[in-house]
Chemist: 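My questions all concern the structure below.
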There are 2 protein chains.
Amino acid sequence: MLIGEMGEPAARAGSALRTSGYRLTRQRQLVWDTLRRTRRHLSAEQIGAALKRQEQAVDMATVYRSLDVLQRLGLIRSSRLGERQYFEVAEPGEHYHLVCDNCGTANHIEGEDLAPVLRHITDGHRFAVRSADLIVHGWCEKCQAKLASTP
Amino acid sequence: MLIGEMGEPAARAGSALRTSGYRLTRQRQLVWDTLRRTRRHLSAEQIGAALKRQEQAVDMATVYRSLDVLQRLGLIRSSRLGERQYFEVAEPGEHYHLVCDNCGTANHIEGEDLAPVLRHITDGHRFAVRSADLIVHGWCEKCQAKLASTP
DNA sequence: GTAACTGCAAATTCTTTGCACATAT
DNA sequence: ATATGTGCAAAGAATTTGCAGTTAC
């Protein structure tokens with residue numbers, strides 16, 4: 001099941017920033033809002049481009065710095081999908097990344113299936129798991145059909 | 001269980017290269033041997049540095065090009081662990097990457113635990129899985145002890 | 001008022017590419 | 001013999017950094 005709306009309070013970023021001694025600036029707000037409005041993963045460049053499109057241009061250096069702060073506060077998380085680093089709002093619970101090698105789209109799906117795997121790692125290897133990211137490469141449904149028709 | 005020696009025939013690269021129309025050069029041999037001798041992941045830079053140390057310097061451009069060929073032949077595989085791309089000899093079977101966020105070392109462990117997870121993805125989501133990489137971040141045993149003693 | 005933040009431009013880092021020469025087959 | 005591969009140097013892409021001016025608190 002694809003992750004849909006999740007009722008993330010928009011004010012969350014503001015209070016999280018302030019209680020940590022950071023300041024709530026127009027730029028940080030904009031970066032956060034951009035990520036919140038999308039349910040997909042966005043690269044830093046995509047965020048910058050989106051903001052420029054809405055005449056709210058933010059310098060790329062600032063986009064990167066904002067992403068860094070938001071990540072430090074645990075509000076967003078990132079993973080390397082393909083070439084770039086992609087960012088998304090941090091949601092509780094596991095999810096995997098499905099990257100289509102044909103069209104490049106990256107979706108995430110929820111699930112608790114990783115629990116036994118992580119337990120194995122913790123028990124068998126004395127490794128303290130902090131976070132886990134399962135990146136699956138392959139073909140999405142659309143591209144499977146496309147590739148089947150042109151052999 | 002950490003992956004140890006696996007009896008990889010050293011000649012594998014040579015024949016794989018030749019039957020695919022590639023040439024077996026000193027540089028490709030060196031890059032392959034370097035990866036074979038290590039059971040850990042190596043970045044392109046680490047491979048280059050290792051070769052320089054043994055007075056067998058290979059230009060970085062060539063290291064990258066060699067890695068590219070070896071990967072195309074399926075002899076090695078790579079994943080993005082942390083900042084860099086890391087390379088390792090391709091072994092059959094699943095394995096996960098354990099990245100210690102404290103000391104940075106990346107190990108891999110074997111296991112078949114991912115099978116049910118991937119089945120879930122295939123069945124429930126009509127996504128054709130081609131490869132999967134589970135990257136687990138956390139603290140390795142050594143660093144857990146270290147961090148426990150200094151709170 | 002002042003420490004934190006931003007934009008700009010320059011620096012860095014990792015990786016790729018163009019080209020003349022070298023080498024494996 | 002000749003297509004492939006290499007080294008070198010230069011280009012690229014993504015991200016970081018230094019700094020003077022700006023802004024949130």
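Sequence lines set the chain letters: A, B, ... in the order given, protein chains first and strands last, and positions in each chain run from 1.
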Chemist: For Ser66(B) and Arg28(B), work out which heavy atoms get closest and say how close.
Modeler: OG-CG, 3.7 Å
Chemist: For Arg18(A) and dT23(D), give me the distance from atom CZ to atom P, rounded to whole Å.
Modeler: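 Roughly 18 Å, once rounded to whole Å.
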Chemist: Round to the nearest Å and state the distance from Leu24(B) atom CG to dA24(C) atom P.
Modeler: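 Atom CG in Leu24(B) sits about 9 Å away from atom P in dA24(C).
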Chemist: Any donor and acceptor pair, going by atom type alone, linking the side chain of Thr62(A) with main-chain N or O of Val58(A) inside 3.5 Å?
Modeler: no
Chemist: Strictly by modelled atom types, are Gln71(A) and Ser78(A) linked by a side-chain donor-acceptor pair under 3.5 Å?
Modeler: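 Present: a donor and an acceptor within the cut-off.
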Chemist: Would you give the length of the straight line joining atom CG of Leu30(A) to atom CD of Gln56(A), rounded to the nearest 0.5 angstrom?
Modeler: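 Output value for this atom pair is 5.0 Å.
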Chemist: Where do Gly48(A) and Met60(A) come nearest, in terms of heavy atoms and distance?
Modeler: CA-SD, 4.0 Å
Chemist: Are Val99(B) and Val136(B) side-chain neighbours, meaning at least one heavy-atom pair lies under 4.5 Å?
Modeler: no
Chemist: Between residues 57-68 of chain B and DNA chain C, which residues have a heavy-atom gap below 4.0 Å?
Modeler: Ala61(B), Tyr64(B), Arg65(B)
Chemist: Can you see whether Arg65(B) engages Gln27(B) through a side-chain donor-acceptor pair at a distance of less than 3.5 angstrom?
Modeler: no
Chemist: Rounding to an integer number of Å, can you tell me how far Leu17(A) CG sits from dT23(D) P?
Modeler: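 Distance, rounded to whole Å: 19 Å.
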Chemist: How long is the line joining CG of Leu73(A) and P of dA4(C), in whole Å?
Modeler: 15 Å
Chemist: Please give, in whole Å, the distance from dT13(C) P to Gln85(B) CD?
Modeler: 19 Å
Chemist: What's the CG-P distance between Leu51(B) and dG7(D), to the nearest Å?
Modeler: 10 Å
Chemist: Given axes from five pairs at either end, by how many degrees does the helix from dG1(C)-dC25(D) to dT25(C)-dA1(D) bend, rounded to 10°?
Modeler: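 Axis-to-axis angle, ends of the helix: 40°.
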Chemist: When the nearest nucleotide of DNA chain C is assigned to Arg26(B) and to Glu45(B) on a heavy-atom basis, which residue is associated with the more 5' position?
Modeler: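 Between the two, 5'-proximity favours Glu45(B).
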Chemist: Tell me the interatomic distance from Phe87(B), atom CZ, to dT15(C), atom P, rounded to whole angstroms.
Modeler: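 It is 7 Å, rounded to the nearest whole Å.
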Chemist: Rounded to whole Å, how long is the line connecting atom OH of Tyr22(A) with atom C1' of dT6(C)?
Modeler: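 In whole Å, dT6(C) C1' lies 16 Å from Tyr22(A) OH.
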Chemist: May I ask you to evaluate whether Gln27(A) reaches the phosphate of dT23(D), defined as a side-chain N or O under 4.0 Å from OP1 or OP2?
Modeler: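 For Gln27(A), the contact criterion (side-chain N or O under 4.0 Å from OP1 or OP2 of dT23(D)) is not met.
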Chemist: If we only count heavy atoms from C-beta on, is the Phe87(A) to Leu42(A) side-chain gap below 4.5 Å?
Modeler: no
Chemist: Could you tell me the separation between the CZ atom of Arg26(B) and the CD atom of Gln29(B), rounded to the nearest 0.5 Å?
Modeler: 11.0 Å
